[in-house]
Amino acid sequence: MTGAVIRPRREDDLAALADVLIRVHERDGYPVEGATDPLAWLRSDHQLGAWTADLDGRPVGHVLLTTATAADSAAGLWTERTGADPETIAVLGRLFVDPDARGRHLGRRLTAAAVRTATQVGRRTVLDVMAKDVAAIRTYEALGWTRLGPTQHALNDGRQIPALGYVSPE
Ligand SMILES: CC(C)(COP(=O)(O)OP(=O)(O)OC[C@H]1O[C@@H](n2cnc3c(N)ncnc32)[C@H](O)[C@@H]1OP(=O)(O)O)[C@@H](O)C(=O)NCCC(=O)NCCS
């Protein structure tokens, strides 16, 4: 075993990451929308970057960094609070780690990689996390993220899921 690296996501990671996501959904109910089309869910038209946690050649974790859209409640909270131009905001999401590869701080390392890139391109990182996702909240707070306030995550069927907005340290 040579250990884990965090590296830019490659196209040929996607199939393995989709399998991981299905296991994560079964175990944690993440994402709340379900994992019926994992490949589409992993891609975004607003992508600034995407990273894979690679454990001995096996993709076991993932994070995505995007520009802010109207659907990103935390970006709205940050804009309201600071008057920030949306062009100076990056949104972190699609963070997950294979249940078998947890507890190695890969979640923390993926988050840090995304924030580093956002900082390099002059953007402050925000995110929305479901209030039920306590391990993720622990990960962000351990890295010094600040809670912006409660938000709601709207599902296609009209349900609202309690969520929290966070901003990364400066
Ligand atoms: C969030 C997630 C990526 C963290 O992965 P990971 O590589 O195990 O994370 P880390 O090892 O960096 O740290 C996890 C922290 O949460 C803690 N934790 C784990 N399960 C927990 C629980 N049920 N309650 C509270 N804290 C918990 C761990 O102890 C650790 O904190 P510590 O280092 O202070 O002990 C992983 O749990 C996951 O994929 N969850 C499902 C997807 C998800 O919720 N994504 C959120 C997107 S916003």
Side-chain angles (χ1 to χ4, degrees), residues 1 3-7 9 13-14 16-38 40-44 46-56 58-69 71-78 89-118 124-155 160-169:
M1 184 181 273
V5 292
I6 308 300
R7 57 164 176 75
R9 187 182 83 190
D13 293 335
L14 287 171
L17 290 171
D19 288 345
V20 172
L21 184 69
I22 288 165
R23 286 199 294 283
V24 168
H25 183 258
E26 280 166 8
R27 176 179 160 137
D28 303 299
Y30 176 86
V32 282
E33 296 84 0
T36 47
D37 190 353
W41 188 85
L42 285 163
R43 298 182 198 275
S44 168
H46 308 284
Q47 183 175 320
L48 290 168
W51 292 265
T52 296
D54 177 318
L55 185 60
D56 300 322
R58 190 167 58 98
V60 295
H62 176 265
V63 71
L64 184 72
L65 191 70
T66 59
T67 55
T69 70
D72 297 306
S73 307
L77 285 179
W78 184 240
I89 299 173
V91 179
L92 184 146
R94 310 301 198 236
L95 174 74
F96 58 90
V97 169
D98 191 325
D100 294 339
R102 293 205 184 149
R104 299 162 182 264
H105 290 159
L106 296 181
R108 222 175 269 191
R109 288 173 61 190
L110 284 160
T111 301
V115 171
R116 251 192 322 272
T117 292
R124 189 77 179 267
T125 313
V126 300
L127 62 82
D128 289 285
V129 56
M130 302 307 116
K132 71 172 182 60
D133 290 333
V134 288
I137 291 169
R138 171 80 197 129
T139 297
Y140 305 134
E141 292 187 348
L143 287 168
W145 289 60
T146 305
R147 191 177 290 193
L148 291 169
T151 63
Q152 297 282 330
H153 182 76
L155 297 183
Q160 300 276 340
I161 310 287
L164 298 163
Y166 275 84
V167 63
S168 65

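For ligands, and for the atoms within them, numbers begin at 1 and follow the listed sequence. We count residues from 1, following the sequence as given. Fair warning: this is a prediction, and the values are worked out from it, not measured in the lab.
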Legend entry - Flag for Arg9-His62: side-chain donor and acceptor within less than 3.5 Å: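 Short answer, yes.
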Inset, instruction - Consider only side-chain N and O atoms of His25 and Glu33, and report whether a donor and an acceptor are under 3.5 Å apart. - result: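 Note: His25 and Glu33 side chains miss the donor-acceptor criterion.
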Legend entry - Any residue meeting salt bridge (charged side-chain N to carboxylate O under 4.0 Å, His left out) with Arg138, in chain and number order, not counting sequence neighbours: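 Result, salt bridge (charged side-chain N to carboxylate O under 4.0 Å, His left out) vs Arg138: none returned.
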Legend entry - Near-ring test Phe96/Trp51, centroid separation under 6.0 angstrom: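 Centroid separation for Trp51 and Phe96: 6.0 Å or greater.
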Legend entry - Heavy-atom pair with the smallest gap, counting every atom of Leu92 and Leu127: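 Shortest heavy-atom contact: O-CB, 3.4 Å.
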Inset, instruction - Show the protein residues that qualify under the rule heavy atom under 4.0 Å from an atom of ligand 1, listing them in chain and number order. - result: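 Shell around ligand 1 (4.0 Å, heavy atoms): Val24, Asp28, Tyr30, Leu95, Phe96, Val97, Arg102, Gly103, Arg104, His105, Leu106, Gly107, Arg108, Asp128, Val129, Asp133, Val134, Ala135, Ala136, Arg138, Thr139, Tyr140.
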Legend entry - Lys132 bridged to Asp28 by N-O distance under 4.0 Å: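 No.
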